[in-house]
2 protein chains.
Amino acid sequence: MDAVSAPASIEELLDRIMEVSDGLPKRLRQCADYVVANPDRIAVSTVAEMAEAAGVQPSAFMRFCQVLGFSGFSQMQRLFRDSYIPAWPDYSTRLEKLRQSGAGSPSALLAEFVEAGRLSLETLTRTIDPRTLDVAVKALSEASMVHIVGLRRAFSVASYLAYGFEKMNVPTMLHDHVGKLDSHHAIRAGDAVIAITFAPYSAETVALAEAGARAGASVVAITDSLASPLRPVTPLLLTVQEADFGDFRLLSATLSLAVALVVAVGTANRERQNGI
Amino acid sequence: MDAVSAPASIEELLDRIMEVSDGLPKRLRQCADYVVANPDRIAVSTVAEMAEAAGVQPSAFMRFCQVLGFSGFSQMQRLFRDSYIPAWPDYSTRLEKLRQSGAGSPSALLAEFVEAGRLSLETLTRTIDPRTLDVAVKALSEASMVHIVGLRRAFSVASYLAYGFEKMNVPTMLHDHVGKLDSHHAIRAGDAVIAITFAPYSAETVALAEAGARAGASVVAITDSLASPLRPVTPLLLTVQEADFGDFRLLSATLSLAVALVVAVGTANRERQNGI
DNA sequence: CTCGCTATGGAATATACTTTCCATAGCAGA
DNA sequence: TCTGCTATGGAAAGTATATTCCATAGCGAG
């Protein structure tokens with residue numbers, strides 16, 4: 001064992017972990033991964049707890065500490081205990097404090113948006129009709145290709161959906177209108193279109209959804225109200241109410257809906273393939 | 001001694017301390033005062049350390065714990081340690097189970113993701129250091145141009161930031177790598193770069209952040225752990241821990257952080273312009 | 001002033017944790 | 001296939017910590 005000195009700060013420690021982790025045996029690697037992912041637990045845990053959480057024996061965790069240059073777990077723990085930033089007065093109190101700490105300070109703003117995001121998520125489960133969601137998933141999973149369109153602030157959601165579907169091996173086309181290219185002739189019967197738009201609604205998105213409907217594709221709409229111009233286009237309307245802040249729509253709830261769509265469609269597809 | 005049950009939460013504990021502290025003898029009063037003033041030390045200290053810091057004997061501190069209804073110091077400490085660790089462990093395993101059980105109807109999935117999103121938001125307020133956030137906002141608002149880079153799943157966040165900054169009249173360039181075009185020479189001294197990447201980290205994003213740093217731009221990193229390759233590049237590291245589900249990173253918390261950045265920078269800019 | 005009660009400090013004990021050690025399993029090279 | 005090395009798990013030893021106990025100091029009441 002190379003007799004190196006113990007890291008003197010958490011930074012140094014992480015550097016050292018990065019440095020050695022490639023040449024580490026399996027169990028020690030598990031320790032490294034766990035520590036990097038959960039550095040906050042070290043200060044308040046025992047070796048036994050850390051080892052169990054990392055899926056190794058306490059002795060293995062000890063060896064890990066020693067490889068890093070510490071005399072043992074206790075020394076490593078001292079590092080974390082000294083630089084321990086308390087997380088509690090638990091959530092609500094902390095949020096309150098954050099908010100009060102200077103009305104317009106960035107962290108006060110963050111607190112606001114976090115709270116708004118939580119509210120949006122709460123309402124999401126209520127406003128989404130399970131049956132509509134089921135039908136939408138079915139339509140998407142049966143489509144030979146999924147077209148996705150969403151511009152301006154909805155573009156984040158569109159790009160995330162495109163990424164997710166691609167990862168799930170679902171044939172996907174993201175209509176990003178780069179170079180003002182409108183590729184609505186790419187949509188065919190048997191395809192599906194996901195159109196995302198919020199007030200003030202984007203004309204291009206609505207146009208593409210309409211073109212898709214005319215071409216015989218199923219259209220799934222993600223929008224913000226029943227007054228959306230997408231309502232005449234399709235019965236598959238997933239409405240998400242999110243807190244607005246001036247021009248800034250929080251997308252927490254919309255993104256969660258997007259992930260749910262992706263995973264649901266992906267697994268449905270897989271099951272269908274296995275079933276055949 | 002009145003045989004009351006132990007407080008079940010930190011709030012209850014503090015209530016109880018307030019309640020009894022008037023009728024407490026000198027040394028026990030010292031303990032009460034110290035605990036109320038430094039509750040954050042309890043989770044990471046031993047009785048001996050707490051006692052010394054409070055200026056009493058360990059046995060006195062023990063009596064104090066018992067007066068509050070605890071069996072001893074350990075039980076009281078567990079309260080603080082547990083409250084530090086969020087209900088966040090084995091979230092991915094939970095989702096994995098859900099997925100394997102096949103019972104994942106779309107709306108059940110949605111509920112899971114909503115819950116995961118809420119957790120992510122809660123931890124966000126803890127993992128973000130207000131000072132780092134302040135400095136990051138300052139750097140961004142002083143930049144003559146903000147460059148944004150984030151690829152793959154981080155692209156949603158990048159595009160949202162670009163949209164938001166543009167709306168806020170902040171000069172912005174989104175490095176989207178369309179056509180594999182790498183425009184890193186566009187970054188100059190006095191600019192700022194926001195680099196967003198999550199494990200497995202995208203080499204292009206890191207490269208652009210490095211190029212920015214070399215060019216003399218301030219770099220703000222949005223990433224998922226202290227082990228991120230962006231850590232050597234910049235001290236302005238905003239880490240967001242979010243529940244992963246296979247390849248699917250929920251972005252609720254990251255998006256909230258993005259909105260906070262946009263609004264904070266936007267208003268800072270506006271104030272500066274009015275001030276001049 | 002004395003008695004009796006409570007508070008206090010320190011030492012003794014018990015417990016829990018860390019750390020080490022050893023036997024064995026696994027693996028790579030001869 | 002055998003040999004030697006490394007990795008691993010489990011248990012034992014050591015250490016630190018929590019907890020209890022008791023002797024005594026302090027204090028108020030009679």
Side-chain angles (χ1 to χ4, degrees), chain A residues 1-7 13 17 20-35 38 41-82 84, chain B residues 1-7 13 17 20-35 38-39 41-82 84-85:
Chain A
M1 185 172 302
D2 44 345
V4 289
S5 58
L13 169 61
I17 292 180
V20 298
S21 69
D22 282 335
L24 244 39
K26 188 178 160 212
R27 290 289 125 111
L28 266 41
R29 171 74 70 89
Q30 277 174 252
C31 296
D33 290 347
Y34 184 75
V35 166
N38 310 64
R41 311 252 309 242
I42 299 173
V44 294
S45 302
T46 65
V47 239
E49 287 165 355
M50 291 295 292
E52 193 192 338
V56 304
Q57 291 283 330
S59 51
F61 204 93
M62 286 298 304
R63 281 193 291 272
F64 172 69
C65 297
Q66 286 161 352
V67 163
L68 295 176
F70 296 105
S71 66
F73 176 71
S74 298
Q75 201 186 44
M76 174 165 137
Q77 190 177 49
R78 182 155 316 133
L79 207 62
F80 284 86
R81 288 194 167 173
D82 290 345
Y84 166 85
Chain B
M1 183 171 302
D2 45 347
V4 288
S5 57
L13 169 63
I17 292 180
V20 297
S21 69
D22 283 337
L24 244 37
K26 190 179 158 207
R27 292 287 126 115
L28 266 40
R29 171 73 71 90
Q30 277 175 253
C31 295
D33 290 346
Y34 183 75
V35 165
N38 310 64
R41 293 287 101 199
I42 298 174
V44 295
S45 305
T46 64
V47 239
E49 287 164 356
M50 290 297 292
E52 194 193 339
V56 304
Q57 290 285 327
S59 50
F61 204 92
M62 286 298 303
R63 280 193 292 274
F64 172 69
C65 297
Q66 285 160 352
V67 163
L68 295 176
F70 295 106
S71 67
F73 176 71
S74 297
Q75 199 183 51
M76 176 166 138
Q77 190 178 50
R78 177 146 36 243
L79 203 62
F80 284 85
R81 291 193 167 174
D82 288 348
Y84 178 65
I85 300 165

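Just so we're on the same page: letters track the sequence lines, and every chain starts at 1. Since we're looking at a predicted model, the values are computed, not measured.
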Whole angstrom value for the distance that separates P of C:dG10 from CZ of B:Arg63 = 12 Å

ask   = How close or far is atom C1' of C:dT6 from atom CD of B:Gln66, stated in whole angstroms?
value = 16 Å

task = Rounded to the nearest angstrom, tell me the gap between atom CZ in A:Arg78 and atom C1' in C:dT18.
result = 12 Å

inquiry  = Can you confirm whether A:Arg41 sits close enough to A:Tyr34 that some side-chain heavy atom of one is under 4.5 Å from a side-chain heavy atom of the other?
reply    = yes

Closest approach of A:Ser71 to A:Gln66 (non-hydrogen atoms, all atoms of both residues) = O-NE2, 3.5 Å

inquiry  = Mind checking if A:Ser74 touches a base, just sugar-phosphate, or nothing, with heavy atoms under 4.0 Å?
reply    = sugar-phosphate

note = Rounded to the nearest 0.5 angstrom, the CZ-OG1 distance for A:Phe61 and A:Thr46 is 10.0 Å

For atom CZ of A:Phe73 and atom P of C:dT20, their distance in whole Å = 14 Å

remark   = Closest to the 5' end of DNA chain C, once A:Ser59 and A:Glu49 are matched to their nearest nucleotides, is A:Glu49

ask   = Hey, is the main chain of B:Ala51 close enough, under 3.5 Å, to the side chain of B:Gln57 for a donor-acceptor pair?
value = no

request  = Give the rounded distance in Å between these two atoms: CD of A:Gln57 and C1' of C:dC21.
outcome  = 14 Å

key: Whole-Å distance separating the CD atom of B:Gln77 from the C1' atom of C:dA16   = 12 Å

key: Nucleotide interval of DNA chain D bounded by contacts with chain B (heavy-atom cut-off, under 4.0 Å)   = D:dT17 to D:dT20

key: Residue pair B:Ala60 / B:Leu28: nearest heavy atoms and the distance that separates them   = O-CD1, 3.5 Å

remark   = B:Arg81 CZ to C:dA16 P, in whole Å, measures 14 Å

task = Heavy atoms only: give me the nearest B:Ala43-B:Phe80 pair and the separation to one decimal.
result = CB-CB, 4.0 Å

